[in-house]
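Positions are given from 1, in the same order as the sequence printed here. Keep in mind that the numbers below use all heavy atoms, side chains included, and drop hydrogens, waters and symmetry copies.
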Amino acid sequence: MKNLFLFSISPVQSFIAQARKTQDLFAGSYILSHLCRVAIEKARREPYQAEIIFPDPSNKTLLNRFLAVVGENTKEYLASMGRAIENAVRFEFQHMADVILDKMGLPKPPEFDEQIKTYWQIFWLFEEFEEGRFADAYKRAEQTFGSLKNLRKFPPMHQRPARKCSITGEQNVLFYRPLKNHGFISDLAVPVPDEVPPKYLAEKEMLGAIAFVKRCAEKYFSGAKYEYDKEFPSTAEIALMDTLAKWQKELPPGKVNAAVIFDKKNNNSLSEELTEKEKKLIMDVYNFFEERGIDFSSYYALIRFDGDHMGRWLAGEFIDTDNRRFLKEFQKDLSKELGRFAQAARDETLIKPKGRTVYTGGDDFLGFVNINHLFEVMKELRRKFSEIDLSRYTGKKPSFSAGVVIAHWKTPLGEVLDWAGKMEREAKGIDDYKDAFALAVIKHSGEIHKFLYKWRCGNEWTVDLLNTLINKIRENEAINQHVPNDIVNRTGILYIREFSNTFIKNLNREVRRLFDDNIKNIEFNVDKLIKTEIKRLLRRSCLLGREPGEAQTDYETRKNEAVSSLCKTIETLYTNSVSLENFLATLNIADFLAREVKS
């Protein structure tokens, strides 16, 4: 008789998502993966020698849980094993916190240890099974584990009434910058001196133990054995990443403060806290862009996705009946395939200047993307996921549903993360099969647009259709210098648009007038009406002119073909849209991206 062992660490989403900076976000995911690795290594070593089934321990990023098989033993021995692995995780987190405090040169506040010790909820169980009955044991274990996690333990945390952490909102403030008026802070909290750089604690920030450990995690993961990125790019750096990369060889040397570049673009004066050297670099880079008419967007994107039906995949529901007796082997192979995808996503797909990955455990992902590369990255991630090879067990392919948010670099990160989660849930709610994505744009003005689609519209990638639409209405460098309707920037390069965006504005206005802004509740078929109006408006907004020496009939033919081609693209988006309102939002977002995406 062997034993199946399930182990998990929580909370997950709140620990990662409670972040004010991108560095906090990255630190949260890295710490959680590290703690899971500590648990796995403890289980694998003597005397336990557990066989890890899921995830593959060689994966760079691990999940918050793992599944293992342990040899036959007494209940008392298994219980001691579970406690030992749990204690290893708790000890590591305590040790991490102590090392960070020591390296920061700060005293330990009296409530510090209690906040650290009471934070994690750790669950584990063993399920006995006979040879050949692994699948049955796994099903029982998952059911029991779900019930176990619903019975959450809430150990008492003895905190004085005091101001709460400005990031988590849960623990008392333990670290703060001395201010004239810092509110009701416990007298047990530690004032952080000016010698500690503001990257660890900003002027008005007040942090508890958990947020402070995340913020200063680089102090612990500084050794060569850790691949910890202590310079994880900010939202401003993500937004400017592609532009800096394109002109890198011509720009003056030095690390550019992207946030200050954006401030300068908005005619804000340079901060007095900058050194003269930093000010000169900023002005040199800004003037370089200004003199050449180089524009850049203030927006970036965040992608979050989760594999569809992963619980059912792990339970073997999608593998052929004859192969279900090989569930353990299937789970191992699935884990390895997900690990290969994760590595490709991190090291091949989302790399500079396209963006940066926060975490990728294989079936889940979070990453920042420069919007110039958004649809390219989205398509590549989905395409690589479809390359997961489980043909030995089933003819089915796993899929994922994603939430995508485009936001201004100054939009609070917490708000962007909330919208990413909301969009992911909307994508997963499209139908029982899923394989969809939902995208929201949060404009700097506060206006929000969103749409929802399957990854494919028939045989075409939805993102390819969107790219086609955007490229037709955005300014593109002209190949033929005789094309009319030109726009010339300060470099003398000619830019044209094939179609004006007026058809989008007019279609929105006409539809809302026709239905009195009640487009959510249209009860009759309007397909023919909408398609006819799309074609009429497109023809009116076509900007193509006659080329020198071109016959009128040839020009009309070329113009009709251009209108017909774009009309087909837009009609495909309309036909595959979940609603008319969703379709209009798609056009509005395409119009926005046509202005923001820079070639």
Side-chain angles (χ1 to χ4, degrees), residues 1-16 28 30-57 59 62-100 108 111-130 134 137-158 170-171 209-210 213 220 314 328 331 335 361:
M1 298 281 280
K2 293 185 177 181
N3 292 275
L4 190 150
F5 179 47
L6 267 174
F7 184 94
S8 82
I9 306 169
S10 63
V12 179
Q13 294 302 328
S14 60
F15 181 69
I16 295 174
Y30 194 93
I31 290 170
L32 196 59
S33 177
H34 172 71
L35 294 178
C36 188
R37 193 175 301 281
V38 167
I40 285 176
E41 291 305 314
K42 180 73 173 178
R44 292 173 75 188
R45 291 197 302 266
E46 293 281 357
Y48 309 121
Q49 295 184 305
E51 177 189 5
I52 307 300
I53 307 300
F54 189 92
D56 186 342
N59 294 353
L62 298 177
L63 308 171
N64 67 306
R65 53 178 279 165
F66 69 89
L67 171 68
V69 171
V70 183
E72 183 176 4
N73 222 306
T74 63
K75 290 183 179 180
E76 291 74 15
Y77 178 86
L78 296 175
S80 68
M81 173 184 169
R83 286 192 293 270
I85 296 172
E86 176 180 345
N87 290 337
V89 171
R90 296 191 184 280
F91 175 82
E92 175 64 13
F93 192 56
Q94 180 70 59
H95 176 63
M96 182 189 306
D98 291 341
V99 168
I100 286 171
K108 181 183 287 189
E111 292 182 3
F112 184 83
D113 283 347
E114 186 175 16
Q115 289 187 14
I116 294 295
K117 288 176 181 177
T118 58
Y119 184 76
W120 296 111
Q121 293 270 332
I122 297 177
F123 302 92
W124 49 268
L125 66 75
F126 291 89
E127 183 69 41
E128 193 176 55
F129 69 96
E130 298 176 354
F134 176 87
Y138 178 76
K139 185 176 181 180
R140 292 196 305 271
E142 282 288 3
Q143 290 173 344
T144 306
F145 206 61
S147 301
L148 180 66
K149 292 177 74 172
N150 287 332
L151 298 172
R152 295 195 178 270
K153 299 176 290 183
F154 294 96
M157 187 163 62
H158 306 289
E170 298 168 2
Q171 295 85 20
I210 303 301
V213 166
Y220 185 76
L314 281 170
K328 185 174 76 170
Q331 290 177 337
S335 179

Trainee: For N87, what residues pass the side chain to side chain donor-acceptor pair (under 3.5 Å) criterion, not counting sequence neighbours?
Mentor: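 Not a single residue meets the side chain to side chain donor-acceptor pair (under 3.5 Å) criterion with N87.
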Trainee: Would you please name every residue forming a salt bridge (charged side-chain N to carboxylate O under 4.0 Å, His left out) with K117, sequence neighbours left out?
Mentor: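 Here no residue qualifies.
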Trainee: Indicate the atoms forming the closest heavy-atom contact of A43 with I85, along with that distance.
Mentor: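 Minimum heavy-atom contact is CB-CD1, 3.7 Å.
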Trainee: I want to check something: taking the side chain as every heavy atom from C-beta on, are W120 and P11 in contact at a cut-off of under 4.5 Å?
Mentor: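 Yes, at least one pair of side-chain atoms sits under 4.5 Å.
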Trainee: Got a sec, which residues hit ring pair (Phe, Tyr, Trp, His ring centres under 6.0 Å) with Y119, two or more places apart in sequence or on another chain?
Mentor: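 For Y119, the residues satisfying ring pair (Phe, Tyr, Trp, His ring centres under 6.0 Å) (neighbours in sequence not counted) are F15.
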Trainee: Can you check whether S335 reaches N59 side chain to side chain, under 4.5 Å on heavy atoms?
Mentor: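 Contact flag for S335/N59 side chains = yes.
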Trainee: Distance check, rounded to the nearest 0.5 Å: L125 atom CG versus L78 atom CG?
Mentor: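 Going from CG on L125 over to CG on L78, the span is 11.0 Å.
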Trainee: Please answer whether the main-chain N or O of L4 pairs with a side-chain N or O of E127 as donor and acceptor at a distance below 3.5 Å.
Mentor: no
Trainee: If you look at every heavy atom in V70 and A50, which pair is closest and at what distance?
Mentor: CG2-CB, 4.0 Å
Trainee: Under the side chain to side chain donor-acceptor pair (under 3.5 Å) rule, collect the residues that match up with Y220, sequence neighbours excluded.
Mentor: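 For Y220 the side chain to side chain donor-acceptor pair (under 3.5 Å) partners, ignoring immediate neighbours, are E92.
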Trainee: So, using salt bridge (charged side-chain N to carboxylate O under 4.0 Å, His left out) as the criterion, who are the partners of K328 when residues are at least two apart?
Mentor: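 K328 satisfies salt bridge (charged side-chain N to carboxylate O under 4.0 Å, His left out) with E51 only.
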Trainee: Side chain to side chain donor-acceptor pair (under 3.5 Å) with D56: which residues, sequence neighbours excluded?
Mentor: S58
Trainee: Enter the distance from Y30:OH to I16:CD1 here, rounded to the nearest 0.5 Å.
Mentor: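 It comes to 14.0 Å.
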Trainee: When you measure from the side chain of Q115 to the backbone of A209, do you find a donor-acceptor pair of N or O atoms at a distance under 3.5 Å?
Mentor: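 Present.
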Trainee: Can you tell me how far CD of Q171 sits from CD1 of I210, rounded to the nearest 0.5 angstrom?
Mentor: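 So the gap between those two atoms works out to 5.5 Å.
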Trainee: List for me each residue that meets side-chain contact (heavy atoms from CB on, under 4.5 Å) alongside A97, sequence neighbours excluded, and say none if there are none.
Mentor: F112, I116, V213
Trainee: Checking Y138 now: which residues fulfil ring pair (Phe, Tyr, Trp, His ring centres under 6.0 Å) with it, not counting sequence neighbours?
Mentor: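 If we apply the ring pair (Phe, Tyr, Trp, His ring centres under 6.0 Å) test to Y138, skipping adjacent residues, there are no hits.
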Trainee: Less than 4.5 Å apart, side chain to side chain, heavy atoms only: is that true for L62 and S33?
Mentor: yes
Trainee: Can you see which heavy atom on K42 is nearest to which on A84, and at what distance?
Mentor: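 Between these two residues, the closest heavy atoms are CE-O, 4.1 Å.
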Trainee: Examine distances only and state if a side-chain atom of N64 and a backbone atom of S8 form a donor-acceptor pair shorter than 3.5 Å.
Mentor: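 Not at all, since once roles are kept as given, no pair shorter than 3.5 Å links the two residues.
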Trainee: Restricting to non-hydrogen atoms, name the atom on F126 and the atom on N3 that form the minimum distance, rounded to 0.1 Å.
Mentor: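 For F126 versus N3, the nearest heavy atoms are CD2-CB, 4.2 Å.
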Trainee: Mind jotting down which residue pairs meet the side chain to side chain donor-acceptor pair (under 3.5 Å) criterion with at least one end in residues 65-83? Sequence neighbours excluded, please.
Mentor: R65-E142
Trainee: Show the numbers, then the answer: is there a side-chain contact (heavy atoms from CB on, under 4.5 Å) between V38 and F93?
Mentor: CA-CA 10 Å; V38 167; F93 192 56; over 6 Å; no
Trainee: According to side chain to side chain donor-acceptor pair (under 3.5 Å), who are the partners of E130, at least two apart in sequence or on a separate chain?
Mentor: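 Scan of E130 (side chain to side chain donor-acceptor pair (under 3.5 Å), adjacent residues dropped) gives none.
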Trainee: Could you work out, with side-chain contact (heavy atoms from CB on, under 4.5 Å) as the rule, every residue matching R44, not counting sequence neighbours?
Mentor: I40, E41, I52, P57
Trainee: Who are the side-chain contact (heavy atoms from CB on, under 4.5 Å) partners of Q143, not counting sequence neighbours?
Mentor: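 Applying side-chain contact (heavy atoms from CB on, under 4.5 Å) to Q143 gives K139.
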Trainee: Report the residue from F145, W124, F123 that forms a side-chain contact (heavy atoms from CB on, under 4.5 Å) with F7.
Mentor: W124
